[in-house]
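Each residue takes its place number in the sequence, starting with 1. Because the structure is a prediction, the values reported are computed rather than measured.
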Amino acid sequence: MDRYLVFGHPVRHSKSPFIHTLFARQTQQELEYGLAEPAVDEFAHALRTFFDQGGKGCNVTVPFKEQAFTLVDCLSPRAKRAGAVNTIKLTDDGVLLGDNTDGAGLVADLKSHGVMLADSRILLLGAGGAARGALAPLLAELPGELVVTNRTHTKAQQLAAEFHDLGPVTAQTYEQLVGPFDLVINSTSASLQGELPPLAPALIHTDIAIYDMMYGASDTAFISWAKQHGARQTMDGLGMLVEQAAEAFTVWRGIRPGTKQVLRELKRNLGVI
């Protein structure tokens with residue numbers, strides 16, 4: 001039976017085995033999917049060992065995505081742009097292909113919620129790895145403007161400059177931001193600590209769409225804050241988790257699983273519904 005893993009540290013909380021088991025059942029694919037939590041300095045050895053012992057593919061999560069980028073034999077265009085790898089496939093000719101499905105998962109989830117991206121004005125909070133992975137897929141949807149903001153402004157400037165060839169992306173400080181925006185995406189990890197990015201409440205309005213890449217059994221701190229200031233459409237990153245997994249499954253197996261029922265099952269598993 002074909003073997004797949006998710007590498008992370010920590011990774012015991014991961015829902016990837018749950019998601020991919022449902023995908024396999026749905027598409028009648030015979031595979032097993034497990035967890036691997038090597039020490040931070042042992043990831044390269046663990047990755048090589050897994051594939052030497054017959055592994056077919058893996059997902060990679062924090063803190064190994066940038067390291068995986070350097071360990072594969074070749075990179076997909078979107079992995080090159082993201083500077084990180086979250087999906088690895090052993091090809092039929094023995095090559096380790098590194099891909100990044102995070103941005104595609106984000107865009108797919110936004111579209112599933114009916115969010116219009118073309119000609120829209122998008123604000124992206126954060127300039128780390130999550131933001132980097134999102135930029136190219138978002139710009140491919142032809143927004144009117146995409147503004148990157150970050151506590152360290154130079155990082156936002158660097159990111160905007162790097163992706164400027166793909167579309168109208170600029171960098172602004174939190175103090176420079178002027179609305180209205182159609183969509184705000186929080187790619188920071190602030191919600192994990194129950195904290196908020198320093199976004200002015202005046203930027204929130206009833207017709208804005210709010211997206212937090214983090215998720216939990218209840219609203220994240222950012223979503224709760226946005227609702228308090230009048231946002232009617234809010235989304236967390238649970239759908240993105242499922243959609244990026246579906247993209248990875250497609251890379252591995254060549255068949256696209258459906259995501260709606262899997263997302264419902266995942267919410268039930270988490271006690272969200």
Practice item. Mind jotting down which residue pairs meet the salt bridge (charged side-chain N to carboxylate O under 4.0 Å, His left out) criterion with at least one end in residues 42-66? Sequence neighbours excluded, please. Key: Lys65-Asp102
Exercise for review: With the side chain counted from C-beta on, respond yes when Tyr211 and Leu106 share a heavy-atom pair under 4.5 Å apart, and no when they do not.
Suggested key: yes
**Study point:** Heavy-atom check, side chain of Val147 versus side chain of Leu124, under 4.5 Å
**Key:** no
Check your understanding: Are the side chain of Thr234 and the backbone of Ile210 linked by a donor-acceptor contact shorter than 3.5 Å?
Key -> no
Exercise for review: Indicate yes or no: does Arg256 engage Glu243 in a salt bridge with an N to O separation below 4.0 Å.
Suggested key: yes
Check your understanding: Can any side-chain N or O of His229 pair as donor or acceptor with the backbone N or O of Ser224 at less than 3.5 Å?
Key -> no
**Study point:** Donor-acceptor contact present, side-chain Thr206 to main-chain Ala231, <3.5 Å
**Key:** no
Point to revise | Summary of side-chain hydrogen bond (donor to acceptor under 3.5 Å, both in side chains) pairs that have at least one residue in residues 30-41, sequence neighbours excluded | key: Arg12-Glu37, Tyr33-Asn59
**Study point:** For Asp99, all residues meeting side-chain hydrogen bond (donor to acceptor under 3.5 Å, both in side chains), sequence neighbours excluded
**Key:** Ser76, Arg78
Point to revise | Aromatic ring proximity Phe7/Phe64, centre distance under 6.0 Å | key: no
Review point. Taking 4.0 angstrom as the limit, do Glu162 and Arg81 come out as a salt bridge?
Key: no
Review point. Hey, is the main chain of Lys155 close enough, under 3.5 Å, to the side chain of Thr152 for a donor-acceptor pair?
Key: no
